Amino acid sequence: MTPALLGNLGVSLTLAFSLLGLGLALLAYLQGDGRFLKGAKSLVLPAFLAASAAFLALEWALLTHDFSLAYVARNHSTKDPLWVTLVTPWAALEGSILLWGLLQTLYTFLAVRKPLDPWRASLVLAVLFGIQVFFFGVMATIASPFETLPDPPPDGVGPNPLLQNHWMMAVHPVLMYLGFVGLSVPYAYAVAAMAVRRYQTWVEETRWWALIAWGFLTAGKVAGMWWSYEVLGWGGYWAWDPVENASFIPWLLATAFLHTAVVQQTRGAFKAWNFAFVTLAFAATVLGTFLTRSGVIQSVHAFAEGPVGPAFLGFFLLSTALGLGLLSRVSREVRDAAVFRPLSREGALLLGAFFFAGWALVVLLGTFYPLLVEAFAGAKVSVGAPFFNQISAPIGAGILFLMGVGPILPWRRPRAEVFRNLYLLLAVLAGGTLLGLLLGYTLGASLAVGLFLYNLAAILLLVREGVLGRKAAGLSPWGFLQNRRRVGSLVVHLGVALMGLGIAFSQTYRLESEKTLYQGQTWEVGGVRMTFQGVRALDEGRRFAVEALLRTDRFGEVRPRLHFYPQMNSPLPAPKVIYTPGNDYYFLLMDFDREKGEWASLRLIVTPLVFWMWVAGGLMALGTLYILWPAARAEEARGVSPA
Amino acid sequence: MRWVVLLMAFLLPALAQEAPPPDLPPEVFRIARELRCPVCQGESAAESNSGVAVEMRRIIAEMLQEGKTEAEIKAFFVERYGEWILYEPPGRALPLGSGSCPWPGFCFWPWASLPTSVRGAPCPLSFWRRQSAA
């Protein structure tokens, strides 16, 4: 038994089980026969086990330095530390697809363990098996992680050094994939609900899955932002790079769905919106993979150059056509008959959905625009951070505004006492903005202060209302904490408000400066005084490091570094970041005197409130966890009961 | 140590140093952030550490010292590389108004809520759908 054999066996078996499962599930749907459904369900676990075997085979090959595998030869070296070796499966394309496929079988397995509505079960399974067929089909044919080399090299080059520079690389991709793949379950539920024409109950079950996926996506994105901040050495966390945009779009659509789903749950409205959001969120994950893995976005001439490009494009078109085709078929039946008032919870939620969908559309357009212009007009244009920032600021402000007022508004119609709260909140918003302006901040930053205080006030009002309501009913006020969804969503909203404040300030007030210092020379910039004391070289085996010794007045000794990897032409800066609640101080060594070590070129980036963005990310993840944790059992119980 | 010697032998000619890099005040980065690094994938001239970007930052710093304005500096790079070098090509970027596309709805909201608060006719949710069917 070799890793290649085990791996190929695992991939082929998963493909076979998935094909068989797809066939049985479709038969179960068409014949309405429970025995076929039982057969399909029994294939879920074997598929998961076979996929796990394939994944373990890749780990095995990496750990035993089996360079006869092309993937290992290209992405691994004997000098890699253990943790780098363990995370190498997702350092390149084929391994990432294998991880994606493995997580897909895991989600299918978990989805079947939850009680499924008998009408939809067969189609849910058919869709999930179908997705598995696609991924393992790709692995079995055009992007095999277990392709062998005729004469294996004695050692490889190792993964991209950017990926070895921070432990976050072990976490971020897995979280992102857990989020992306998690969106397949809502998609399967939506397709099944539209096909069997049962439009109401699917949304409750789906919301739970969508929240899991959303939690992972959020945590994954924040982890990725942190990685970018700590590793890429430019002092930023978000560059509006196509890869980032591609993962932002599904997040936006999933967020929209989480909000419109509540309306369907409580008022039975927005059915069509929910189907559309779920379909598009899943399709956007596939489109994102196509965009970023096929090479299409760098140049039109390399259109679908990579082997997986056309496959992913086809899969995207198929899954979108399936979802939207079914939606158009049932569009008459999911039409909303309810009347709604704009100044109500559902009014705010609908408007919020507009904002999220609009934002997703604009990001998509901005990402594709250079491609379209080059294809049709032959001109090269650049759409980058300035454009995206400019359009995202008003949309983000609108969302922050709705986030405060939405939960305050009651369903259906506003009551008189609500207006008192509304005026209070608007006063806080105006007062906060004015305060910001008086403190000398820019209009945008002042508005961010106002919006943050306004959201804080809205959250406090809701907590107060919940606690007072309980007291009036003679209940313990702590019971409010048992309203998991309310409390959890308030924690998430607090995180979002804090994130908004952090983004506004870090984007507006960023100081960046560079200077060449000679030994003993002192530089005072951004409120820090530093003295350059010399450079020091370190041999670390797989890489070579040079660090500058800086004595600072506020943070003691600071040592930014440059890392030289044998497989890279230019050195990678390893910044030294000092986090403080006010400003982050980001020290970078840009260059140094290679002959005598007499001078070093240093860059200092001072960015305010970045620290709070990581806190905000933590709050968002914790809030999601709080909603999901015991709700799991309650939701399951609800699913079993015939209601 | 053999490793280090090899590395240094490899690096020294590649990165032959004449003089230490120039000092770059904050304005340089502000301008560079709006210029594309011509050899990178979606990085601005402020972020990239490629040779071209380093050179661009040096030129910006020099031109600033000579008293050139931001517009003149940008024009200089446009002349060399074309409008593509600008992250926001004048008149060619997506209409910036597209950022406000959800805003008509936003303006509509308080207006539409007005009759409700004085007990007017509620607006049907399927309003937009009927419009599109017509």
Side-chain angles (χ1 to χ4, degrees), chain A residues 232-234 236 239 241-242 269 298 335-343 347 350-351 354-355 358-359 361-362 365-366 369 373 379-387 390-392 394-395 398 413-414 511-516 537 539 544 564 566 569-570 573 590-591 593-595 599 601 603, chain B residues 1 3-4 7-8 10-12 14-15 17 20-26 28-30 33-34 36 41-44 46-51 54 57 82-89 92-94 96 98-103 105-106 108-113 116-117 122-126 129:
Chain A
L232 294 184
W234 60 287
D241 174 271
Q298 282 100 26
R335 183 170 295 185
D336 287 314
V339 267
F340 94 127
R341 285 155 200 273
L343 204 64
L350 177 66
L351 197 57
F354 269 124
F355 270 78
W359 203 354
L361 185 70
V362 171
L365 279 178
Y369 188 72
V373 170
K380 283 188 137 197
V381 295
S382 305
V383 176
F387 165 77
Q390 214 163 349
I391 57 168
S392 296
I395 298 180
R413 70 185 71 231
L511 180 103
E512 193 167 358
S513 195
E514 194 174 313
K515 190 173 170 70
T516 301
D539 187 359
F544 178 76
F564 295 84
N569 289 331
S570 48
M590 302 304 296
D591 203 354
D593 180 6
R594 284 178 174 56
E595 279 154 41
W599 55 263
S601 182
R603 189 186 290 184
Chain B
M1 251 4 227
W3 214 91
V4 178
L7 189 97
M8 280 317 205
F10 170 68
L11 284 171
L12 278 176
L15 299 155
Q17 290 177 308
D23 296 345
L24 307 174
V28 174
F29 290 98
R30 204 174 43 72
R33 222 170 287 151
E34 289 176 16
R36 170 185 271 270
Q41 304 282 345
E43 268 184 309
S44 80
E47 293 142 20
S48 169
N49 286 323
S50 66
V54 172
R57 291 196 290 265
E83 285 204 339
W84 170 77
I85 199 80
L86 294 180
Y87 259 126
E88 243 170 285
R92 279 247 197 98
L94 281 170
L96 281 177
S98 60
S100 52
C101 67
W103 282 93
F106 200 82
F108 175 72
W109 189 45
W111 174 79
S113 63
T116 349
S117 49
C123 145
L125 192 55
S126 52
R129 201 177 268 286

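No hydrogens, no waters, no symmetry mates; every other heavy atom, side chains included, goes into these values. Here the structure is a predicted model, which means the values were calculated and not measured. A, B, ... follow the sequence lines: proteins, then strands. Residue 1 opens every chain.
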Verdict with reasoning, B:Asn49 to A:Met590, per side chain to side chain contact (heavy atoms under 4.5 Å, CB included):
CA-CA 8 Å; B:Asn49 286 323; A:Met590 302 304 296; 3.0 Å; yes

Side-chain contact test, heavy atoms from C-beta onward, threshold under 4.5 Å: evaluate it for B:Leu24 versus A:Lys515 and give yes or no.
no

Under a 4.0 Å N-O cut-off, is there an ion pair linking A:Glu512 with B:Arg33?
yes

Heavy-atom closest pair (A:Thr516 atom, B:Pro21 atom, distance to 0.1 Å) is OG1-O, 2.5 Å

Heavy-atom distance under 4.5 Å to chain A: side chain of B:Arg30, backbone, both or neither?
neither

Output the distance between atom CH2 (A:Trp234) and atom OG (B:Ser44), rounded to the nearest 0.5 Å.
8.0 Å

